[in-house]
*Asks:* 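Structure provided below as structure tokens; questions to follow.
Residue numbers run from 1 in the order of the sequence given.
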Amino acid sequence: GARGRVRVALSLRGRLVAVTAAAALVAVTVLVVGVQLLLAHQSSRESLSTLQERADAAATTVRFRGGRTRVLDTPANSLDQNIWIFDADGRRIDGTEPPRSLRSTVARLSRSEAGRSVDVHGRVRVLARPVRRPGSTTTGAVVVAALDLAPYEHAHTLRPAELVTR
């Protein structure tokens, strides 16, 4: 029974301090979780935007002549990093062999009829961007681009002390 319990009687002041401390703890916890969620959403949106910009830039290099699809040579290698261009049959016409960890995802996305993105093991985001033939709704090529998410991950794993010092 009641033998092992110690009952502490708090004064009104003590109860008020305890309730205030508990409310402050709850408020700070909600604030920190809210900021973390906001930062995670923002970094996800930023990474997708970056990936879409890269895929759009690569799509501008795709040309169609007759039944053939070709890619213009670009003066800089900036477009070539983790970007692959596939013809309508899913054959790679530009870009190096994808890394082993991305091959199946890149192959699956190489035949996409609509733009979409996929996260691979939460570490890399891969985006497919179809390129329509001029004057047609037919997909003539697909740009597939990948982006390492590591730089974006740090943005939403900040500790509360880092929020204050930034």
Side-chain angles (χ1 to χ4, degrees), residues 26 28-166:
V26 168
V28 168
T29 301
V30 167
L31 180 65
V32 168
V33 168
V35 167
Q36 293 289 81
L37 290 173
L38 180 67
L39 289 173
H41 176 72
Q42 182 179 352
S43 67
S44 177
R45 203 174 59 227
E46 265 181 44
S47 66
L48 187 57
S49 176
T50 298
L51 202 50
Q52 287 172 329
E53 288 170 7
R54 291 181 60 219
D56 288 346
T60 65
T61 67
V62 177
R63 297 291 184 268
F64 304 102
R65 180 164 289 148
R68 294 183 39 96
T69 304
R70 66 184 189 92
V71 178
L72 299 176
D73 287 331
T74 56
N77 290 339
S78 61
L79 290 181
D80 296 340
Q81 276 189 327
N82 291 329
I83 292 186
W84 305 274
I85 302 175
F86 297 86
D87 66 12
D89 297 322
R91 285 188 300 262
R92 183 168 34 99
I93 58 174
D94 193 51
T96 60
E97 182 75 18
R100 179 169 290 147
S101 61
L102 299 179
R103 282 184 193 148
S104 64
T105 303
V106 169
R108 188 172 69 249
L109 292 175
S110 71
R111 294 177 176 265
S112 291
E113 290 291 322
R116 65 187 188 126
S117 69
V118 175
D119 285 0
V120 179
H121 307 297
R123 300 172 80 171
V124 177
R125 179 161 292 148
V126 184
L127 175 119
R129 194 246 192 235
V131 181
R132 308 282 181 224
R133 290 185 174 278
S136 170
T137 58
T138 307
T139 298
V142 178
V143 174
V144 179
L147 182 68
D148 181 7
L149 294 176
Y152 298 92
E153 289 300 311
H154 179 70
H156 76 275
T157 56
L158 294 175
R159 289 172 282 293
E162 289 181 87
L163 295 174
V164 175
T165 59
R166 284 187 163 231

*Asks:* Compare all side-chain heavy atoms of D94 with those of W84 and state whether any distance is below 4.5 angstrom.
*Replies:*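 A side-chain contact is absent here, since even the closest heavy-atom pair is not under 4.5 Å.
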*Asks:* Report yes if some heavy atom in the side chain of R70 is under 4.5 Å from a heavy atom in the side chain of R65; otherwise report no.
*Replies:*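 Yes, at least one pair of side-chain atoms sits under 4.5 Å.
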*Asks:* From R103 CZ over to T105 OG1, what is the distance, rounded to the nearest 0.5 angstrom?
*Replies:*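 Interatomic distance, R103 CZ to T105 OG1, rounded to 0.5 Å: 12.0 Å.
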*Asks:* Which distance, rounded to the nearest 0.5 Å, do you find between the CG of L39 and the CD of E46?
*Replies:*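 Reported value, rounded in 0.5 Å steps: 10.0 Å.
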*Asks:* For residues S112 and P130, report the shortest heavy-atom separation together with the two atoms involved.
*Replies:*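 Minimum heavy-atom contact is O-CG, 3.7 Å.
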*Asks:* Can any side-chain N or O of D119 pair as donor or acceptor with the backbone N or O of G122 at less than 3.5 Å?
*Replies:*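 Judged by distance alone, no pair lies under 3.5 Å.
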*Asks:* For the residue pair V142 and V131, establish whether any side-chain heavy-atom pair is separated by less than 4.5 Å.
*Replies:*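 When only atoms from C-beta onward are counted, V131 and V142 do not touch, as no gap falls below 4.5 Å.
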*Asks:* For the side-chain contact (heavy atoms from CB on, under 4.5 Å) test, which of L147, V143, L127 pairs with R54?
*Replies:*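 So, applying the side-chain contact (heavy atoms from CB on, under 4.5 Å) to R54 and each of L147, V143, L127, only L147 qualifies.
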*Asks:* With sequence neighbours left out, write down each residue that passes side chain to side chain donor-acceptor pair (under 3.5 Å) with R45, or none if nothing qualifies.
*Replies:*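 R45: side chain to side chain donor-acceptor pair (under 3.5 Å) contacts with H41.
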*Asks:* Report yes if the side chains of T69 and I93 come closer than 4.5 Å at any heavy-atom pair, otherwise no.
*Replies:*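 Yes, at least one pair of side-chain atoms sits under 4.5 Å.
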*Asks:* Any side-chain donor paired with an acceptor under 3.5 Å for R132 and T139?
*Replies:*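 A donor-acceptor contact under 3.5 Å links the two side chains.
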*Asks:* Any salt bridge between D148 and R123, counting N to O under 4.0 Å?
*Replies:*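 No salt bridge links D148 with R123.
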*Asks:* In the structure I gave you, are the side-chain heavy atoms of I85 and V144 within less than 4.5 Å of one another anywhere?
*Replies:*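 Not in contact.
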*Asks:* Going by atom types alone, do R125 and S117 pair a side-chain donor with an acceptor below 3.5 Å?
*Replies:*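 Side-chain D/A pair, R125 to S117: absent.
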*Asks:* Taking all atoms of both residues into account, what is the closest heavy-atom pair of G95 and R92, and its distance?
*Replies:*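 Scanning both residues, the minimum pair turns out to be O-NH1, 2.8 Å.
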*Asks:* Closest heavy-atom contact between L51 and A146?
*Replies:*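 Where L51 meets A146 most closely, the heavy atoms are CD1-C, 3.7 Å.
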*Asks:* How close do A55 and A145 get, counting heavy atoms only, and between which atoms?
*Replies:*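 It is CB-CB, 4.4 Å.
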*Asks:* Less than 4.5 Å apart, any side-chain heavy atom of L102 and any of V120?
*Replies:*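 Yes, side chains in contact.
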